[in-house]
Participant: 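Take a look at the following structure, please.
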Amino acid sequence: MTQTASLAAGLIAARDEQIRKFAMHNVSRRNAIRLVLAVTAALFATSMPSFATEAVPLAIKGYDPVAYFTIGSPTRGLPEIEYEWDEHRYLFVNADHRELFKADPVRYAPEFGNFCAMALALGELDEANPENWLISDGKLYIFGKPAPMGPALFQQDLAANIAKANQNRALLEGH
């Protein structure tokens with residue numbers, strides 16, 4: 001039995017008991033109606049689905065950030081294996097990847113979140129495509145465009161592009 005079903009069953013039992021007690025004491029019809037409405041509202045509120053998960057944005061389009069390091073390729077994570085960090089939901093291909101991420105999210109998360117590292121180095125804000133990626137000095141960078149525009153262009157002057165992208169981090173605020 002789910003937690004919601006257990007709660008609903010308990011509320012129904014409590015409602016039935018309260019109605020019986022009220023009926024035994026000749027409570028006014030108005031108060032009995034209020035009680036039934038209150039219990040019904042409580043049951044309705046507990047049966048509504050939670051939308052908290054949908055309110056947290058999905059990181060890197062659902063790709064597993066740890067897979068870039070362990071598998072060596074972009075790999076989509078599974079919705080049932082997730083972890084929320086830095087106001088984003090990360091998905092993973094297995095529980096081991098999730099545990100690695102939990103232990104050190106800064107190591108595995110893309111340097112500029114869901115955004116293209118090269119665009120940020122140019123002072124622009126473009127959404128990245130997790131299929132275009134680069135690991136350099138143990139850091140994951142993702143790009144909006146494939147080579148030669150994304151990773152290859154970024155690598156041409158890697159240190160300067162990283163420095164410029166870091167200087168433009170303010171563009172990421174609120175995203």
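Numbers for residues simply follow the sequence, beginning at 1.
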Participant: Tell me who clusters with L58, hydrophobic residues only, linked when side chains sit under 4.5 Å apart either directly or through other members.
Facilitator: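 Its cluster mates, by chain and number, are L91.
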Participant: Identify, with sequence neighbours excluded, every residue that meets side chain to side chain donor-acceptor pair (under 3.5 Å) alongside N94.
Facilitator: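 Checked N94 against side chain to side chain donor-acceptor pair (under 3.5 Å); zero matches.
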Participant: How is the hydrophobic cluster of V66 composed, in terms of its other members, when Ile, Leu, Val, Met, Phe, Trp and Tyr link through side-chain heavy atoms under 4.5 Å apart, directly or indirectly?
Facilitator: I60, Y63, Y68, F69, L78, I81, Y83, W85, Y90, F92, L100, F101, V106, Y108, W133, I135, L140, I142
Participant: Are the side chains of L120 and F115 in contact, using a 4.5 Å heavy-atom criterion?
Facilitator: no
Participant: Run the salt bridge (charged side-chain N to carboxylate O under 4.0 Å, His left out) test against E127 and tell me which residues pass, sequence neighbours left out.
Facilitator: none
Participant: For the residue pair R76 and V93, establish whether any side-chain heavy-atom pair is separated by less than 4.5 Å.
Facilitator: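 Contact flag for R76/V93 side chains = no.
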Participant: How many angstroms lie between atom CE of M118 and atom NZ of K164, to the nearest 0.5 angstrom?
Facilitator: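 M118 atom CE to K164 atom NZ measures 6.5 Å (nearest 0.5 Å).
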Participant: Could you give the distance from CG (N168) to CG (L122), rounded to the nearest 0.5 Å?
Facilitator: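 Spacing of CG (N168) from CG (L122) equals 8.5 Å.
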Participant: What pairs with K102 under salt bridge (charged side-chain N to carboxylate O under 4.0 Å, His left out), at least two apart in sequence or on another chain?
Facilitator: E99
Participant: Are any side-chain N or O atoms of H97 and backbone N or O atoms of A95, one a donor and one an acceptor, separated by less than 3.5 Å?
Facilitator: no
Participant: Looking at P130 and A128, what are the two nearest heavy atoms and their distance?
Facilitator: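 Looking at all heavy atoms of both residues, the shortest contact is CD-O, 3.6 Å.
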Participant: Just how far is it from atom CG of N114 to atom CG of D126, taken to the nearest 0.5 Å?
Facilitator: 12.5 Å
Participant: S136 versus Y141: any side-chain heavy-atom pair under 4.5 Å?
Facilitator: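 Side chain of S136 against side chain of Y141, heavy atoms only: contact under 4.5 Å found.
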Participant: Decide, yes or no, whether a salt bridge links E84 with R89 under the criterion of side-chain N to carboxylate O below 4.0 Å.
Facilitator: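 No, this pair does not count.
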Participant: Are the side chain of D137 and the backbone of K139 linked by a donor-acceptor contact shorter than 3.5 Å?
Facilitator: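 No: the side chain of D137 does not pair with the backbone of K139.
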Participant: What do the steps show when you test R169 against E111 for side chain to side chain contact (heavy atoms under 4.5 Å, CB included), and what is the final call?
Facilitator: CA-CA 10 Å; R169 271 192 190 269; E111 280 301 291; 3.5 Å; yes
Participant: Please output the side-chain donor-acceptor pairs of residues 143-156 that fall under 3.5 Å, not counting sequence neighbours, one pair per line with the distance.
Facilitator:
none

